[in-house]
Amino acid sequence: MPLRLHDTRRRDKVAFTTMQPGKVSMYVCGVTVYDRCHLGHARCYLAFDLIHRWLEFSGFDVHYVQNFTDIDDKIINRANEIGGDWRALVEENIATYYEDMDALNILRADDYPRCTDYVDDMIRITQDLIDKGNAYQADDGVYFDIESAPEKYGALTGQSIEAVRSGAGGRVEGTGSTKKDHKDFALWKAAKPGEPTWESPWGPGRPGWHIECTAMSMDYFGAQFDIHGGGHDLRFPHHEAEIFQGECHTGCSPVVHHWLHNGFVNIDGEKMSKSLGNFWTISEILKSVDAMVLRFALINAHYRSPIDMNESLLKDAERNYNRVLECYVNSLKSMTSNSPISLPNPDITSKQPLSKSLGMLEKMGEGFAKAMDDDFNSREAVAKVLGAVREMSKTLSSGLDEIDKDAFAHYSVDWLEETAGLVLGILPTREFALLEPEEDPRKEQISSEVEELLILRTEARDSKDWDKADKIRDQLTQLGVVIVDSADGPTWDLI
RNA sequence: GCACGGAUGUCAGAGCGGCUAUGAGCGGGAUUGCAAAUCCUGAGACCUGAGUUCAAAUCUCAGUCCGUGCUCCA
C-alpha cells in the first residue's frame, strides 16, 4: 500500500511522492541552543525519528538534515544573563542535545549544520532578494517585502493579509524600525552594541532567524526538496517566511513538496510553559522515568495530535511497555535452536491453533504497515504490537511441544524486532534484554532481614495464623518491600 | 475577529461508508486465607438536526461546544 501523509500546505492527506525515485530529502527545523531540551523537543524529534525510520524501512534512502540555530536573540540574552560566552553556551547545549536524543533512541540525522557556518549563503540570498525587488534595506536591517508576493501569504495557516493586519492590533506600533509594514520580517539585523556580528553589504550585523533554514536546506538539497518538518508553532511565521524567501529566490513553487508539523505536548491539560512552572526538561524526566517508557508514551499518539502528559499516561506506558518487553524476553528464551523447523502456513481460519495464531500475527503485521503508511499512525501501530504480544504470549504458554515452540519463538522474535524494534525503536538489543537485572544495592542491605521475615510469614501462613502473617506483611511494606506470592513461594522486590 | 483542527463507552484514544481497535477503570472467573501480581472473560460509546445511500461513527449541509494559532516558541 502506498504511503500517504498529511501536507500542511495542501491541508490534506496526499500520496507521498519523491523527486528522485527511492530517495528522500528531509529537512527538520532544529533547536535554538540556548537551553536544555524539554519534553516538547522530545516529542518533535521523536515524531520525525519515526518518520525517518519508517521511510528507511520502506526502502527509501533518506537524507535527513536537522540544523542547530546557534545565533539568536535568546542565545545572546542567555549568555549575558549568566555572564558567559555565547559560543560556550552553544557548545554545551549541543552536547546535551545529543545526550538527550541518544537516550531516547532517536537515530542521528545525516547532517547537523549550524547557522553560523552559513552566513555567507544567507547574505547571498538576501542580496538576491533585494535585487529581485522582494526585499529592501531599512535603518535597522534588511526586510522581506510582503507586498512583493502577497499571493504567498497564508500558504500554511490560511490567514489573509488583512486579517493579520487587524489581528495584530496594537503590537505593531512603536518598534522604532523603519520597515514599511509590520508583517515584513527581518532577513538581516543591523548590529547592536555588544552583539556578535558579521560583515555584510549593509554593514555589520547578523542574519534573521527565518533566512537560516532557507540557506541551509538549499545548500544540501538545492531549489526543491521532499519533506520539511517542524513543530506546529513554526508554521507561522517561520515556515511561511521560508516559503516567501525560498520561492522568490529560486523561482520554484513549491520549494518544499510536503510540509509536516507535529502536535504539541500539554502538561496536565495545560500548555507547557515556563511561566506556569510546568516546564519539563528531558534530563529531569529521565531521572524518574525510564527512557524507553517515555519514548513509548510519546509515540503512543498520532504525531499531529496534541499529547496531554500526566502521571496516568506514563503509568499506562510503563505497563504496556513492560508487556512488550516481557514478551520479547520470553520469546528470546524460548528459542532453543538455531535452525527452527518450518511452521505451518498462517491461516486465520484454520482449526489448527498454531496455524491460526500465525495467521493472526500475519494480519497484525499487515495492519502495522498499513497504519504506518497512513500518515505514520504510530498509535494504531502500537495497538497492533500490543495485540500481537497478547497473541504471542498466549501461544507460547499454550503447551506447544519443544520443536514448535522454538519455531514459533523465532517467528515472534523476528516479528517484534522488525516492528517494535526497527520501526518503533523501543526494543533493547538481544544481549541487553537477556541480561539479568542488576541488583539494587539497597536490596542487598535489607536482604537478610527480609528473608527472615518471609520465613516467619510462611510459617504463620502454614499454621493459618493470618493475623500474624498480615502483620509481617505490613512490616515488610514499611521496609519498602512488596511481596509477590506464587505457587513456588513468595518473592519480593523494592517498591 | 480571522484561520486551522477537533467532538467516539467511566477515562485516554484509534477507526473515517457495511465488521469496530488498544490500554486503563468497572463486573465475573482462574490461582489465592486475604491482598498484590498474572491470566481468562463480560458489559459499555460514536455532539445535535437534516440530507445522500440498500447501508452512515464514517460522506454532505446547518448548528452547538471545545482546543490551538494570529507574538520568541518543537
Side-chain angles (χ1 to χ4, degrees), chain A residues 6 8 11 13 28-32 34-35 37-48 66 69 72-74 77 154 156-169 171-172 182-183 209 229-238 240 261-266 269 271-274 296-297 300-308 310 312-313 315-321 323 326 364 367 370-371 374 377-390 393-394 397 460-467 469-470 473-474 477 482-487 490-493 495:
Chain A
H6 185 272
T8 310
R11 296 193 186 115
K13 271 187 208 171
V28 175
C29 285
V31 282
T32 300
Y34 73 106
D35 206 346
C37 289
H38 55 70
L39 202 48
H41 296 118
R43 172 93 214 256
C44 176
Y45 301 114
L46 213 37
F48 287 100
Q66 191 193 124
T69 296
D72 177 84
D73 290 343
K74 285 198 292 287
N77 293 342
L156 297 179
T157 49
Q159 303 183 95
S160 68
I161 291 194
E162 293 72 28
V164 172
R165 181 169 289 134
S166 58
R171 285 192 302 268
V172 297
H182 80 273
K183 295 186 299 302
W209 177 38
H232 191 250
D233 54 327
L234 295 184
R235 291 175 312 147
F236 185 92
H238 185 55
E240 291 209 355
H261 292 99
N262 66 276
F264 263 39
V265 180
N266 296 323
K271 188 179 164 170
M272 182 169 69
S273 78
K274 284 188 175 165
F296 188 99
N300 193 206
H302 188 92
Y303 76 93
R304 284 189 287 120
S305 324
I307 289 184
D308 187 31
N310 54 57
S312 78
L313 187 85
K315 212 180 114 204
D316 250 38
E318 183 174 22
R319 211 187 165 94
N320 285 323
Y321 175 63
R323 211 188 291 266
E326 202 174 302
M364 284 192 251
K370 204 173 142 201
D374 181 18
N377 191 341
S378 56
R379 177 154 194 134
E380 180 73 7
V382 167
K384 295 295 176 199
V385 170
L386 288 170
V389 161
R390 180 180 287 265
S393 304
K394 204 161 112 186
S397 60
R461 292 179 73 206
D462 286 346
S463 54
K464 300 197 191 301
D465 187 350
W466 310 128
D467 249 10
D470 289 349
R473 186 165 64 201
D474 290 344
T477 308
V482 63
I483 309 164
V484 180
D485 285 322
S486 75
T491 60
W492 62 281
D493 207 343
I495 290 170

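Chain naming here is simple, since letters A, B, ... match the order of the sequence lines and numbering starts at 1 in each.
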**Message:** Say we look at B/G9 and B/G15: how far apart would their C1' atoms be, to the nearest angstrom?
**Reply:** 15 Å

**Nearest-angstrom distance, P atom, B/G51 to B/U41** = 43 Å

If you check every side-chain atom of [X], which of [options] has the closest atom?
| X | options | value |
| --- | --- | --- |
| A/Asp485 | B/A74, B/U22, B/A35 | B/A35 |
| A/Arg390 | B/A74, B/C40, B/A24 | B/C40 |
| A/Trp466 | B/G5, B/G23, B/G33 | B/G33 |
| A/Arg473 | B/G33, B/A74, B/A14 | B/G33 |

Less than 4.0 angstrom between a side-chain N/O of [X] and OP1 or OP2 of [N], yes or no?
| X | N | result |
| --- | --- | --- |
| A/Arg304 | B/G13 | no |
| A/Asn377 | B/G15 | yes |
| A/Arg319 | B/U38 | yes |
| A/Ser305 | B/A14 | yes |
| A/Arg461 | B/U32 | no |

**Prompt:** Just wondering, do A/Lys74 and A/Asp35 contact through their side chains at under 4.5 Å, heavy atoms?
**Reply:** no

**Message:** Under the rule for salt bridge (charged side-chain N to carboxylate O under 4.0 Å, His left out), what residues qualify as partners of A/Lys394, not counting sequence neighbours?
**Reply:** none

